Each structure stands twice: as C-alpha cells, then as structure tokens.
Amino acid sequence: MPYTTNDIRNIESKWQKFWETHKTFRVDTDPLKPKYYVLEMFPYPSGKIHMGHVRNYTIADVIARYKMMRGFNVLHPIGYDAFGQPAENAAIKNKTNPAEWTYRCIKQMHDELKKMGFSYDWDREFSTCDAEYYKWNQWIFIKMFERGLAYKKASSVNWCPDCETTLANEEVINGTCWRCKTTVVQKDLEQWYLKITQYAPSLLEDLKKLEQWPSRVRAMQENWIGKSYGVEILFKVKDAAETISVFTTRPDTIFGATYVVLAPEHSLVKKLIAGTKQEKETLDFIEKTANKSKSLRMSGDQRKEGVFIGRYAINPVNNEAIPIFIGDYVLMEYGTGAIMAVPTHDQRDFEFAKHHKLPMRIVIQDLKNPSLSIEDMSQAYEEEGLLVNSGEFDKTPNEEAKKKIAEWMQLKGFGKLSIHWRLRDWLISRQRYWGTPIPMIYCAACGVVPVPFHQLPVELPKDVTITGEGGSPLARVRTFVECACPKCGKPARRETDTMATFFDSSWYFLRFCSPRNNEEIFDKKDAQYWMPVDQYIGGIEHAILHLLYARFFTKFLKDLDLITTDEPFTRLLTQGMVLKDNEVMSKSRGNTVDPDEVLSQYGADTLRLFILFAAPPEDQLEWNSDGLEGSWRFLNRVYQMVEKRYSTTVIPAQGGIHNQNDADNTLERERNAAIKRVTQSFEEGYKFNTAISHLMVLANAIDKYSNIGHSRESGNPDTSQQTLLNQSIETLVLLLAPFAPHVAEEMWQMMGKSEATIAQVAWPTFDEKALKTSTIIIAVQVNGRVRAQIQITPDMPQEELRKICLADPGVAKYAQEAAIKKFIVVPNKLVSIVV
RNA sequence: GGGCGGGUGGUGGAAUUGGUAUACACGUAGGACUUAAAAUCCUAUGACCGUAAGGUUGUGAGGGUUCAAGUCCCUCCCCGCCCACCA
C-alpha cells in the first residue's frame, strides 16, 4: 500500500491523541529511578512557530525520547516566555489587550507544538505572564531586596526613545536598541538594579565547571565578566588637597606617564577647575560630551576629544608634574574613571597625545629592533620588551616589571593592587505595562517598603489602555498606584515600573520541577531530584544575557538554601541557524518556510528527520526542499517494508537464529553495527545526521537481504532466516523511534507488539561479537600508494600476511622481496611496504 | 584590535582521531516498469588521460614531519559568529 499524505495525517493525529489520553510523557519525582532533565529555551509566544523552533525542539525531543528508552525518568517540559513588548505593540495595533493577545498566541503555539509530536509533559505547561508564576518573580525580587541585591540608584541610563524604556547594557547592540534598532540615548533616572556584580567572582570561577558547554559560550561569558588585574595608583594634584586614583593594568609603563585623563563626569573635575582660567572651556566640554550618546562615545574609531583643565598631577614614582585632561574616551563606569596616559605604549593615548601635541617618553624598548624612537613612531608600541627610562627597573622585561613595580608601589604607598570587572549591575526597571510589577511601595513616612508576602502577587490591572506614548502605562492607573503602606497603613504609592523580561526566564527551569505549587516558589524535594538541567538546548544569541542571568539566579537561590546545585545547566547545546539561500531565515528577509505548510504536505516525522539529517545540530542548516523529499522517501520505504511483511501474512516469530551463510552473517552484523553506531551518536556528541545515515544503511542491508531471499532456489527462507529478518526490521523501527515517533508507533503496532507505545520500549543492545567477520579486506600500500586490496582472515600472523601480499600481482608489480626496506602492518586495516 | 569556529565532489555533509578521502543523502545521466506521466526499482557519478585494463591527480595556498597527513607542525589567504576607546 502506498503511504499518502492522508495516511500520515491520520497516523500522526492518531498517535498524538494516544500520547495525550495516556499521558505517556507525564512524569513524577521518583527517587528510585535515574532522572534526566532535557530542556529547550522556552519560546516567546508570537503565535506561529518558525523553523528555528522546530530545529531546537526536535533536537531536544530526540534526546528526551532516547533517554526514555534508555530507562531514565525524563523531565521534558514546555512553557512560554510570555511577557514583553511585542504584546504591547500588537495590542496597540489591533486595539486589544496584551493579555488577550498573548493567551491567544499561546493557544495557537500550543497546538502547533502538539502537531510536531514532541514528548512534553503537558501537565507542567505554564506562561510567565500567569499570576501564579510572576508572583514568584516578585518573591525573588523581595528576597534580593532584603539581602541588598536589589537596589535603587539614580544614574545615567540607556534609554530607547522609541520603546520609551530603559535598557540594560546587554540590550544595547552597537549603540542601538536590541529590539527596535533605534539609537539609544542617555537619560538620568532612578532605577532598580540587581547586584549581579556581587556574584562576578563565582560566575567567572564556575565557568571552569561547565566542561560540557561549548567553549565559545564560556569564552563569551568570560569576556563579558571581564576580570582584569591591575593597580590603582594615587596621583596627588599639584597645589591642591585632592588625590586622583587611576586604574591601570600596565604598571610597567608608569615611568612613561606624561599626562592624566579623567572622565568628564568624574566627581573631582568641578572641584579642580573652580577658579582656573580653563573653567569655562572645561564646563563647555562636559556639556558637549553629556549630549553625545554613550554609544557614539564608545564607538572605537571616534576621534578622541578632550581639554586641559588647568591643573597638574604628580607622578608618584618620579615626582614629575604632568597635565590633567578630561577626555571623552575615558569612561566613568570602568575602573576609577581616571587613567594615566602612556602615549608611547597605548594606542588610544597615542592618538590623543598626537592630536593635542603632548609629550611622550619611551619606556619599553623592542628587543628585536632597539631603535624605537619617538620621531619615527606612527603608532604606540604595545608589544613586549625591556624597560628603559624607568629608574631602578631599567632592563627588566616588561612582563616581569608589571609585577615588580606593582608590588614596589604598594610597598611605597603609591598605590594598591586591585581587580576590576567589566560586568556592571543589571538594570531591570522597565517603563512598560506587560511585565511583572516590581513589588515595592513608596511611603512618605517609611520610605521604600516591599509588598508583604501575603499580598503577593501584585497583579497587573486588566483594563489599561496601551497607547505606546507618555511613559509607563501603570502610572496612569490610579487604583493601581494608590495603596496603603504595609508598615504604617497611611496612603502610599506603588512602584509603576515592571521587570525586564529576562528576570522571568532566569529561573523558569526551577519552576518546571513543581509548577503547580502555590505555597512555595518550588518544592525543595522536587528541585533536589530534577536539578540541574542535564541537557539545555537553545540559540547562541543567548550565550551571554540569558545564560549569565540564569546562572546568577541559581547561585542566589542556592544561597537561600532552596537548591543544592550552583549551576543550572550541566550540558549546553547551541543549535545552528536555519538558512535559506545562504541567508538566515527571517521574516524581515522574507525567506521563511512555514513549518505548518511542511507539516500538511509531509507530516512531522519527515520534517523532524530532514532537519536532523541535513546537518549536525550545532552547524548551520541550509533549507533544501529536495532533501525534505528524500526524508519522506526514506520513511515511506521503511513503512512499506514493514507493511509488506506484517500486514498480509502471519510470520512465525519463534526460533533462534542459526545463521547459515554469508548473507545471514552480513545482515546480523549490519543490525548490530547500526545499534552500536546510533547509540554512539547519542552518547558521543549528538551526531544525529550520521545516526540517520546508519539507519539508512541498515534499511539498505535489509532490502538487499530480502531480495536475495526471494531469488533463492529453495523458495521460502527457513524459520531462522524469517526470525533474522524480523529482528532486523524490529531493530530498525526501534532505532527510528526517537527520530520519527509517529510512524514508528504505527509500525510497532502493525508488528503486533504487546507494548502499547514504542516510546517506552527498551533501547536495543548490540553484541560486539556479532560485529566480527571471518574475512576482511585490507589495503596494501607500496611507497605510500594503494596497490592492491587483499582478503585475509582477521589477526593473521605477519609472515603469512607478507607472503600473501607479495603473491598479489598488483603488489608484485611494484615490490619484490629483495627490495623491501620496511614492512608495516596496521592490524586488520592495511599493510604498508617501503621499497 | 581581542576571542571562538570554519574552508572536503555539482549540493548537504562522512571519515573509527595519523591508516584505503568523499559514508549516507540530494542532484544529474542512462536503463526497467508504463499507452504516457508520476511514483518506484536498478546502474553510473571527484577531476583529468584511456575503448578498456589501468594510470595521474585531488580535502583553501605554500612548505615540513612520517612508511602513511583532511587529521600533526610552520607560513599565509579567505569566510562566519561574538566582543570591543574596558585603561
């Protein structure tokens, strides 16, 4: 019977219904069974799933199903990262409510995921916009507040004029808003921050534990956290009481410091310029810089601007008076907001010094080319060398001098060793509606007061008009804003900012452990059993933000003694992008392929199989509809193979295998080899593309064997051959089950197996002995060229092998016994003869 | 500028980690079946020379180590991603 699109629809919906009614993938905490927690990065519910989702979730599903067949208690949940701006934009556009729009999208997404046949425990499904979930966001926030990890601070923040909200540093991409690409500007605001910097040392240190993360993700996090060792050096200001502290990682160049630069916002600047001739010029410059957006200031190829402020600093190592500048290339947020400038050995200082015609002094000489001179320099010399013009440190290699000078300065009291981090505290306030309300109350008498636990959740008011203009929508809802102070009971005002959505996704994997618990954030016992996530899967775009925040929250919750693990994700897989015509598939490019259309034409199994077969999971995947057709053909072939064998005749399933001839042995070997290789591709790095190729090899072998069987003169193959054939097909179906679960179920049922669902049948095992062959073919090389293929018995002794080799005409043509210099044997692989 | 990946047939990709390069698929060509088409099946398929047997060559380029290199070492070119005035 041909296998049609209609058959597929029927088969797939039949088994989806079966899994649903039997709750096949529902799991509970069971301390007697080994657990396995597979998780994909949950989706933002935009309504439709795209190929990126399909790829991500298919990879996760195949792993989950495999682990299930290996006997693990597998937790494989799904939820929705449902807060965020698109819902507000859609609400404005469609004149609806963000909640309504979001829940409609979730429903649609839920149905699409079901059609893919993913093995989720649907009983654990939730959305972050459910009050039952975000209540615990608020709870975490208050716990952080109580420990000083959530705090309010006025500062210059990144502001997106289009979204009318603040952005975290991590959300500013090349000076633009990560969401709408509008140029980000600076604005002074009072905002809530999370003190992630307190965890910087452990976030960095514990990266070492994450051996099963891609090295590039670890490297990206390491760069982002950005630990640097250096020295804070104190420069006294000439004729003043003030001292400037500068941070440097290059103390070896201190003798070459010819000026000092402060950030324009530096707190000392106004004090130092009071009454100087340069006062007005300096103030003008500060004003000018403040109007420049931070992104513009931070882009590297900007000309370095600055002005002399009319004051001098004393270099502590040589008592030289050097001018003090303010410059836009010095950032207040990093280090101490002040630098010592060594133009000869720092490119930025070099450019600044050239522009302002400032003095330079070489303090490191190039070992290979010792004629380095200021006149000839066209750029700073940042390589290694020996110190010169550096007093007692002359002739010291600069790497060594770094340490020596740092220690010497510490001893003399000129400075102290210090460590600086690139990581900044995380700004989480958003002036938006569709997010978790920050559970804080402002009371004129009591100050900032957290909402008490029994009043949680602080629910989002339902009837709010979203216009996208005029700042936070919540601020205009009187019934929301006006409240009683929990401490003194007097009228107070509620915080109207909501949390950044990254907050929601920083701990959802814990909530999946006990999603219906309304008394606690999660059940400690459940979390203890399921955590950490054994396999996490998602896009590389989350390498920094989400993964760093999730690690931070995990560490914090561990410090609250709620969990025992300090890292959330043991193993991480970052799947590659889906491309079409060599470009990333995206709506804006208009080159998307709708999974829904593929589903209605080919069904989920074909789509799953293609997407896994076309490329290894971590690589980019080029969409190819011909390849899709190929996956369809393969499934069809296997289906017909099973149907032909099991639907018409009853086949005796009894009897052992007594392999009689080469064909029998070959098939049995291929069967075992397929089990071995497919299993390996799961256990050693998820090479699903080769796993599927091994399934195809087995299918080819079965076909070949059946064809021989039909042409046998003796007519029907005997019982043992029937059994071998059945067993091989059975193996093929079992190995196929994680990849194409619907067809596999159907075939399993057709085969009359007693188990209700193949998803719970044990994964097949192989016998190493069956992989052996009685004869093998090896290559014979003469002087590195393959000259013959010879058939030998395994592990043949060298003398015999030598005879056989030389007797081969192809070898004899190039090598005679007398001329042999070397005779190298790679056991059971090849022979290499040197003449 | 810094970090991390890559570069293999017409295409997607394999290669047991130094041991017969191109598994498996896609595509293409030829054939079978068919009134015909689709579907399916069979055969061939890195390039070059040759009717063939066979030979030469071949994993971005060039060198090296080795009996043997896609894999190791050196020099260089190109592509992708991430970070970047971070002192």
Side-chain angles (χ1 to χ4, degrees), chain A residues 2 173-174 214-224 226-228 230 246-250 253 261 263 297-304 327-331 333-342 346-349 351-352 382 420-424 540-541 543-544 574 576-577 582 610 613-616 618-631 633-634 636-637 640 676-677 680 684 687 689-697 699-700 703 707 777-789 810 821-835:
Chain A
I173 313 293
N174 289 333
S215 60
R216 67 168 169 157
V217 175
R218 282 185 295 171
M220 280 158 81
Q221 291 218 350
E222 195 177 326
N223 288 339
W224 193 261
K227 183 180 191 178
S228 39
V246 309
F247 175 69
T248 183
T249 54
R250 294 295 305 275
T253 63
V261 190
R297 241 182 96 182
M298 296 211 334
S299 66
D301 17 83
Q302 219 21 49
R303 170 117 69 99
K304 288 150 187 61
D328 60 1
Y329 76 105
V330 175
L331 309 172
E333 296 85 1
Y334 187 76
T336 58
I339 62 157
M340 64 172 202
V342 184
D346 181 287
Q347 186 58 27
R348 294 155 301 177
D349 297 344
E351 285 167 29
F352 189 83
E382 294 179 327
H420 280 270
W421 303 86
R422 219 194 69 118
L423 184 69
R424 315 284 155 78
I540 187 73
E541 66 273 19
I544 297 173
T574 49
M577 305 252 194
N582 284 315
F610 166 70
F613 183 56
E618 312 219 48
D619 289 9
Q620 297 189 329
L621 183 148
E622 176 69 31
W623 184 262
N624 177 340
S625 39
D626 287 334
L628 191 67
E629 191 73 34
S631 295
R633 277 205 292 261
F634 174 66
N636 229 312
R637 224 179 104 204
Q640 283 178 61
K676 181 176 179 176
R677 293 196 179 124
Q680 262 175 357
E684 293 163 19
K687 296 277 186 151
N689 54 332
T690 52
I692 292 166
S693 79
H694 295 136
L695 296 178
M696 291 171 171
V697 171
N700 292 346
D703 263 352
N707 292 339
I777 293 169
I778 65 164
V780 184
Q781 296 182 337
V782 181
N783 286 351
R785 289 242 161 95
V786 178
R787 294 298 182 185
Q789 312 255 334
K821 283 197 196 135
K822 273 189 188 174
F823 191 86
I824 297 155
V825 178
V826 182
N828 301 332
K829 283 226 170 88
L830 62 70
V831 169
S832 181
I833 302 170
V834 187
V835 293

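Atoms considered below: every heavy atom in the structure, side chains included; atoms not considered: hydrogens, waters and symmetry mates. The model shown is predicted, which means the values in this text are computed figures rather than measured ones. By convention in this document, chain letters (A, B, ...) are assigned in the order of the sequence lines, proteins followed by strands, and residues within each chain are numbered from 1.
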Worksheet item: Rounding to a whole Å, what distance do you find between A/R637:CZ and B/rC42:P?
Response: 8 Å
Discussion item. Mind checking if A/D346 touches a base, just sugar-phosphate, or nothing, with heavy atoms under 4.0 Å?
Written reply: nothing
Worksheet item: With sequence neighbours left out, what residues match A/N223 under side-chain contact (heavy atoms from CB on, under 4.5 Å)?
Response: none
Worksheet item: Roughly how far, to the nearest 0.5 Å, is CD1 of A/I778 from NZ of A/K829?
Response: 11.5 Å
Discussion item. Distance check, rounded to the nearest 0.5 Å: A/I833 atom CD1 versus A/K822 atom NZ?
Written reply: 13.5 Å
Worksheet item: Angle class for the A/F610/A/W623 ring planes (parallel below 30°, perpendicular above 60°, tilted otherwise)?
Response: perpendicular
Practice prompt. Identify which nucleotide among B/rC83, B/rC24, B/rC86 has an atom closest to any side-chain atom of A/R424, counting heavy atoms from C-beta outward.
Written response: B/rC86
Discussion item. Applying a 4.0 Å non-hydrogen cut-off, can you work out what A/S228 is touching in the nucleic acid: base, sugar-phosphate, or nothing?
Written reply: sugar-phosphate
Discussion item. Nearest 0.5 Å, please: how far is CG in A/N828 from CD1 in A/I777?
Written reply: 12.5 Å
Discussion item. With rounding to the closest Å, how many angstrom separate the P atoms on B/rC73 and B/rC4?
Written reply: 15 Å
Worksheet entry | More than 12 heavy atoms of other groups within 6.0 Å of A/R677 CZ | no
Discussion item. I'd like the P distance from B/rG62 over to B/rG9, given in whole Å.
Written reply: 15 Å
Worksheet item: Do the rings of A/H420 and A/Y334 sit parallel, tilted or perpendicular, given the 30° and 60° boundaries?
Response: tilted
Worksheet item: How long is the gap from CZ on A/F634 to CG on A/L695, to the nearest 0.5 Å?
Response: 5.5 Å
Worksheet item: Does A/R633 have a side-chain nitrogen or oxygen under 4.0 Å from the phosphate oxygens OP1 or OP2 of B/rC24?
Response: no
Item to complete: Count the heavy atoms of every other residue, nucleotide or ligand shown that sit under 6.0 Å from CE of A/M696, and state whether that count exceeds 12.
Response: yes
Worksheet entry | Sequence-aligned protein contact record of nucleotides 3-15 of chain B, with B where the base is within under 4.0 Å of a protein heavy atom and S where only the sugar-phosphate is | SSS------BSS-
Worksheet item: Between A/D349, A/D346, A/T253, which is the residue that forms a side-chain contact (heavy atoms from CB on, under 4.5 Å) with A/M340?
Response: A/T253
Item to complete: Side chain of A/Y334 only, please: which of B/rA25, B/rG55, B/rA87 is the nearest?
Response: B/rA87
Practice prompt. To the nearest Å, give me how far apart CG (A/D328) and C1' (B/rC86) are.
Written response: 15 Å
Item to complete: Send over the distance from A/R787 CZ to B/rG19 C1', rounded to a whole Å.
Response: 17 Å
Discussion item. Reading 5' to 3' and counting Watson-Crick or G-U wobble pairs with both distances under 3.5 Å, write the dot-bracket notation for RNA chain B, | for bases paired outside the strand.
Written reply: (((((((..(((......[....)))((((((.......))))))((((....))))..(((((..]....))))))))))))....
Item to complete: Take atom CG of A/D703 and atom P of B/rA25, then tell me their distance rounded to the nearest Å.
Response: 11 Å
Practice prompt. May I ask you to test the A/R637-A/N700 pair for a side-chain heavy-atom distance under 4.5 Å?
Written response: yes
Worksheet item: Under 4.0 angstrom, heavy atoms only, what part of the nucleic acid is A/D349 near: base, sugar-phosphate, or nothing?
Response: nothing
Worksheet item: Partners of A/R250 by side chain to side chain donor-acceptor pair (under 3.5 Å), sequence neighbours excluded?
Response: A/D252
Discussion item. Taking B/rG46 as the reference, what is the distance to B/rU28 when you measure between their C1' atoms (whole Å, please)?
Written reply: 14 Å
Worksheet, complete the sentence: Relative to its sugar, using the 90° cut-off around 0, the base of B/rG80 is anti
Item to complete: Indicate syn or anti for B/rU17, taking the glycosidic torsion and treating anything within 90° of 0 as syn.
Response: syn
Worksheet item: Who pairs with A/K687 by side chain to side chain donor-acceptor pair (under 3.5 Å), at least two apart in sequence or on another chain?
Response: none
Discussion item. Between B/rU43 and B/rA23, how far apart are the two P atoms, rounded to whole Å?
Written reply: 15 Å
Fill in: Nearest-nucleotide pick for A/R348, side chain only, options being B/rC85, B/rG27, B/rU20
B/rC85
Fill in: Distance in angstrom units between A/E382 CD and B/rA87 P, rounded
11 Å
Discussion item. Is there a side-chain contact between A/R785 and the phosphate of B/rU56, meaning an N or O under 4.0 Å from OP1 or OP2?
Written reply: yes
Fill in: C1'-based separation of B/rA21 from B/rU57 [nearest Å]
13 Å
Worksheet item: Expressed as a whole number of Å, how far does the C1' atom of B/rC78 sit from that of B/rU8?
Response: 16 Å
Worksheet item: B/rC85, B/rC24, B/rC82: which one has an atom nearest the side-chain heavy atoms of A/M696?
Response: B/rC24
Discussion item. Taking only the P atom of each, what is the distance from B/rG6 to B/rU16 in whole angstrom?
Written reply: 14 Å
Practice prompt. Let me know the distance between NZ of A/K829 and P of B/rU16, rounded to the nearest Å.
Written response: 9 Å
Item to complete: Tell me which nucleotide among B/rC26, B/rC85, B/rU20 gets nearest to the side chain of A/Y329.
Response: B/rC85
Fill in: Atom P, compared across B/rU71 and B/rG19: separation rounded to whole Å
11 Å
Fill in: Sugar-phosphate, base or nothing in reach of A/V826, heavy atoms under 4.0 Å
base
Worksheet entry | Donor-acceptor pair, side chain of A/E382 and main chain of A/Q347, under 3.5 angstrom | yes
Worksheet, complete the sentence: Rounded to whole Å, CE of A/M340 lies from P of B/rA87 at a distance of 12 Å
Just the atom pairs and distances: protein N or O near nucleotides 64-68 of chain B's N or O, under 3.5 Å.
{"unit_1": "B/rC67", "atom_1": "OP1", "unit_2": "A/K822", "atom_2": "NZ", "d": "2.5"}
{"unit_1": "B/rC67", "atom_1": "O2", "unit_2": "A/S832", "atom_2": "OG", "d": "2.6"}

Discussion item. Reading RNA chain B from 5' onward, which residue's closest nucleotide shows up sooner: A/I540 or A/I692?
Written reply: A/I692
Fill in: Length of the line joining A/W421:CH2 and B/rC86:P, which is rounded to integer Å
18 Å
